[in-house]
2 protein chains.
Amino acid sequence: MNNDAMQPIPLPTIRRFPEYLRFVEDKRLAGEEWISTTEIGAAIGRKSVVVRKDLSYSGVAGHPRRGFRLEELAPALRRSLGWDNATDAFLVGVGSLGQALLGYGGFANYGMRIVAAFDCNDDITGGSMAQSQIFPIQKLPQLAKRMNVKLGIIAVPQDVAQSVANILVDAGIRGIWNFAPVQLDVPSNVVVRREDLSHGLAVLSYQLREECETIRPE
Amino acid sequence: MNNDAMQPIPLPTIRRFPEYLRFVEDKRLAGEEWISTTEIGAAIGRKSVVVRKDLSYSGVAGHPRRGFRLEELAPALRRSLGWDNATDAFLVGVGSLGQALLGYGGFANYGMRIVAAFDCNDDITGGSMAQSQIFPIQKLPQLAKRMNVKLGIIAVPQDVAQSVANILVDAGIRGIWNFAPVQLDVPSNVVVRREDLSHGLAVLSYQLREECETIRPE
DNA sequence: TCAATATCGATAAGTTATTATCGAATCCTT
DNA sequence: AAGGATTCGATAATAACTTATCGATATTGA
């Protein structure tokens, strides 16, 4: 129906895609052939009409009385997300968070591969961790060019995050996944996605308090 | 203007509150007395009208030509978020992610304190990490009751996340911060907030690809 | 073969959130 | 002391997202 990415996909839809993908892959592994939006919705806790609308953006057509063909849907979701061929990424900052990211094996499913890590602490540079070598930050520019890496992950304390971002931008990085709680100042052609735990915790705290206050029996 | 939390605060607003709070605290530390929505907006990259609308939910009134009084705004934001008095929390799962969470010192600013950690690995239970003792998971119910803990953090692999959730719920936990990529099935009076890195990465990948495709200079 | 049913896909309605606009209030400058 | 500038706060307009509804279609089972 839609020809590739002509029309932009709403961001809420994009955010839900990984959930669909995860479920769809599970089903495929289980040997199923078809999946309905009813079933997907039930599994991930959303109304089927939301799922149906979302899936329409993937470009695959469903089948009355059957649903969607898994073999078709999974690759389409990956493609929509840009996860169809893995993107190489650099990680900057090998503190506790950086180590957790390095140790997390699941990024392959998300079309990303951390190919090198960087830090300014001499005690750990030169070594490696979870199959990734750790280089001094000074080496980043030349390696970025040589390896043609376009994605950078910032996992450093907030007071150095901006300077790291500058280094990344100068090195030709086009996308930054920022785990430091600061607003980065970058050129408009560089995409920044900030991951901030406080946002999630804020919603949780609020809802928790709201729940305690409103549910006051009698 | 508003009397406490009579009217519900929109979730997008709640998500932005931590950013305002961070900036406001910085300014306060710097010895400032007033802050305008214009300045806040410029700092965190949003239009001033958004900030103004959001702040109206906090209950504090601004001052023409001056802005908002920092001494008043910071506590109000904390109160709105439910961050005014710290909530004790249990962490379950002391793998690499759990360790990163334990090691992260910033939760105090978010009104949360991890008072104990739990794991099923005998090698690490009994020890401690970042000032938190690590207990076997079996001890959780009795400790939850004794310490009156109402918030649980799930940082275990996804295949055991649901069973951990069940334990938490049975132990009287009212809110769960879930870092496992699964939809948890819990009673409706328990609030679950799922933290899923794939959502953020999805948006980043999509925007990155979109950028590359649309910005095609001639 | 034909009716019943589950599903998709499109349209419409409703809700929520964002953005724009403007008057009122206060401070600052002259 | 008076005019200009800046900011708040309210209202209105726009846009985005969600939810509801319904006909079309293909499969199943009688």
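Computed from a predicted structure; not experimentally measured. Quick note: numbers below take in every heavy atom, side chains included, and nothing from hydrogens, waters or symmetry partners.
Protein atom CZ of A:R15 is 11 Å distant from nucleotide atom C1' of D:dC17, rounded to whole Å. Remark: P of D:dG9 and CG of B:L73 are 11 Å apart, rounded to the nearest angstrom. Nucleotide D:dA16 holds its C1' atom 16 Å from the CD1 atom of A:I9, rounded to whole Å. To the nearest angstrom, C1' of D:dC17 lies 14 Å from CG of B:L11. Here the C1' atom of nucleotide D:dC8 and the CD1 atom of B:I40 are 12 Å apart, to the nearest Å. Going from atom CZ of A:R69 over to atom C1' of D:dA26 covers 14 Å, rounded to whole Å. Atom pair B:L55:CG and D:dC8:P shows a separation of 8 Å (rounding to whole Å applied). We find that CD of B:Q7 is positioned 13 Å from P of C:dT16, with the value rounded to whole Å.
Positionally, the nearest nucleotide of DNA chain D for B:S48 lies more toward the 5' end than for the other of A:D54 and B:S48.
Aromatic ring orientation, B:W177 versus B:F107: perpendicular (interplanar angle above 60°, classes split at 30° and 60°).
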**OP:** Just do the salt bridge (Lys or Arg N to Asp or Glu O under 4.0 Å) check on B:D84 and A:R209 with the steps written out, would you?
**Re:** CA-CA 11 Å; B:D84 42 348; A:R209 213 194 41 165; 5.3 Å; no
**OP:** List the steps and the verdict of side-chain contact (heavy atoms from CB on, under 4.5 Å) for A:R78 and A:E25.
**Re:** CA-CA 11 Å; A:R78 287 189 186 285; A:E25 287 291 15; 2.8 Å; yes
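As judged by a 4.0 angstrom heavy-atom cut-off over every strand, B:R16 is placed among residues touching the sugar-phosphate backbone only.
No side-chain donor-acceptor contact under 3.5 Å links B:Q183 to the backbone of A:A43.
Look at B:S56 and you won't find any side-chain N or O under 4.0 angstrom from OP1 or OP2 of D:dG9. Side-chain N/O atoms of A:T37 include one lying less than 4.0 angstrom from OP1 or OP2 on C:dC8.
Going from atom CG of A:L77 over to atom OH of A:Y57 covers 14.5 Å, rounded to the nearest 0.5 Å. For the atom pair OG (B:S132) and CG (B:L102), the distance works out to 5.0 Å, reported to the nearest 0.5 Å.
For the pairing with A:I40, the side-chain contact (heavy atoms from CB on, under 4.5 Å) check across A:V50, A:L55, A:D54 returns one residue only, A:L55.
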Subject >> Where protein sits on nucleotides 19-30 of chain C, one letter per nucleotide: B base, S sugar-phosphate only, - none, heavy atoms under 4.0 Å >> reply: SB----BBB---
